[in-house]
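All values derive from a computational prediction rather than experimental measurement. The chains referred to below are lettered A, B, ... by the order of the sequence lines, with proteins before strands, and numbering in each begins at 1.
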Amino acid sequence: MSNYELWNSDELYKDISRYLMGENVDFLKHEPNLSNLTKFEQAVLNEVRKVPYGTTVTYSELADRIGSSGGARAVGRTLSKNPYPIVIPCHRVVAKTDIGGYSGGLGLKKKLLDIEQ
DNA sequence: GCGATATGAGTGC
DNA sequence: GCACTCATATCGC
């Protein structure tokens with residue numbers, strides 16, 4: 001993984017700052033190291049990373065995309081342990097009827113979603 | 001609307 | 001292996 005330099009560069013810091021300012025920042029160029037996670041967790045996190053700015057997906061839809069139809073709950077469980085908040089925009093994943101949950105607090109999740117709209 | 005139940009993957013024992 | 005846990009979904013009432 002030679003993305004070590006990229007991950008630790010201040011570019012990530014700047015991107016996060018700009019993101020919080022309300023800019024449309026693409027975090028795909030930052031590649032977190034997921035080698036110590038299970039295959040399922042890597043699949044979930046990589047899929048969440050592809051969710052476009054300003055849009056949301058449901059846990060069940062995410063489960064479908066990674067070939068684990070019906071595993072919505074497992075997806076949520078995985079996201080709750082999200083190793084890289086913001087970079088992996090787990091706040092764009094919501095429940096079907098509700099908004100879902102967030103490790104950083106639901107208030108923050110709503111705030112982030114509001115920023116992206 | 002609300003409660004019970006089904007369900008997938010992770011963790012600890 | 002087994003028995004939990006959980007940021008869900010869905011059905012019955």
Side-chain angles (χ1 to χ4, degrees):
Chain A
M1 300 296 175
S2 58
N3 47 39
Y4 183 81
E5 291 182 14
L6 177 59
W7 181 256
N8 286 307
S9 70
D10 64 339
E11 191 175 356
L12 174 61
Y13 178 83
K14 290 178 183 172
D15 278 347
I16 292 179
S17 300
R18 294 210 314 261
Y19 171 76
L20 293 177
M21 301 273 212
E23 282 189 44
N24 185 339
V25 178
D26 178 28
F27 285 106
L28 281 178
K29 53 182 175 180
H30 301 289
E31 297 185 20
N33 182 19
L34 305 174
S35 55
N36 59 331
L37 301 178
T38 68
K39 217 47 182 296
F40 180 80
E41 291 169 329
Q42 292 182 22
V44 171
L45 297 178
N46 275 319
E47 202 62 39
V48 174
R49 249 156 49 82
K50 295 176 192 166
V51 177
Y53 185 95
T55 69
T56 59
V57 287
T58 63
Y59 294 99
S60 58
E61 185 181 340
L62 218 75
D64 273 344
R65 289 192 194 177
I66 64 177
S68 177
S69 182
R73 208 169 182 183
V75 171
R77 227 186 83 78
T78 297
L79 288 182
S80 72
K81 299 185 297 186
N82 183 7
Y84 304 101
I86 308 296
V87 182
I88 298 173
C90 49
H91 57 272
R92 290 178 195 154
V93 187
V94 298
K96 199 172 186 181
T97 58
D98 208 336
I99 188 180
Y102 195 63
S103 4
L106 279 180
L108 178 59
K109 180 172 187 174
K110 291 177 185 173
K111 196 82 177 178
L112 291 175
L113 289 175
D114 192 57
I115 287 176
E116 295 191 8
Q117 302 308 317

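Residue A:D64 contributes atom CG, which lies 11 Å from atom P of C:dA9 at whole-angstrom precision. Straight-line distance from the CD atom of A:E41 to the C1' atom of C:dA7: 14 Å, rounded to whole Å. Taking atom CD1 of residue A:I99 and atom P of nucleotide C:dA9, one finds them 13 Å apart after rounding to whole Å. Spacing between atom CZ of A:R73 and atom P of C:dC4 amounts to 15 Å, rounded to whole angstrom units.
Among the atoms of the strands shown, base atoms are found under 4.0 Å from some heavy atom of A:A74. Within 4.0 Å of A:G100, counting heavy atoms only, lies no atom of the nucleic acid at all. When heavy atoms are screened at a 4.0 angstrom cut-off, A:G101 is found touching base atoms of the nucleic acid. At the heavy-atom level, A:F40 lies under 4.0 Å from the strands shown only through sugar-phosphate atoms. Among the protein residues, A:T38 comes within range of the sugar-phosphate backbone only, with heavy atoms under 4.0 Å from sugar or phosphate atoms but none that close to a base.
With pairs defined as Watson-Crick or G-U wobble and both atom distances under 3.5 Å, the stems of at least three pairs that touch DNA chain C come out as B:1-6 with C:8-13, B:8-13 with C:1-6.
Nearest nucleotide to the side chain of A:K96, out of C:dA7, C:dA9, C:dC6: C:dA9.
Considering only heavy atoms from C-beta on, A:P32 comes within 4.5 Å of A:R49 through its side chain. Put simply, the side chain of A:P89 does not reach to within 4.5 Å of the side chain of A:F27, judged on heavy atoms. With a 4.5 Å cut-off on side-chain heavy atoms, A:V57 and A:V94 do not count as touching.
Between the side chains of A:Y84 and A:E31, not a single donor N or O lies within less than 3.5 Å of an accepting N or O.
Under the side-chain contact (heavy atoms from CB on, under 4.5 Å) criterion, A:S17 pairs with A:Y13, sequence neighbours left out.
The base of C:dA7 is paired with the side chain of A:Y59 by a donor and an acceptor separated by under 3.5 Å.
Contact footprint of chain A on DNA chain B: nucleotides with an atom under 4.0 Å from a non-hydrogen protein atom, first to last in 5' to 3' order, B:dA6 to B:dT11.
Along DNA chain C, the nucleotide closest to A:R77 and the one closest to A:A72 are compared, and the more 5′ of them pairs with A:R77.
The main-chain N or O of A:Y53 is never found under 3.5 Å from a side-chain atom of A:N24 such that the two would form a donor-acceptor pair. A:K109 places no side-chain N or O within 3.5 Å of a backbone atom of A:G100 that could act as its donor or acceptor partner.
Within the structure, every side-chain polar atom (N or O) of A:S60 is placed at least 4.0 Å from both OP1 and OP2 of C:dT8.
Taking 4.0 Å as the cut-off between side-chain N and carboxylate O, A:K110 and A:D114 do not count as a salt-bridged pair. Ionic pairing of A:R18 and A:D15 is present here: one or more N-O contacts between side-chain nitrogen and carboxylate oxygen are shorter than 4.0 angstrom.
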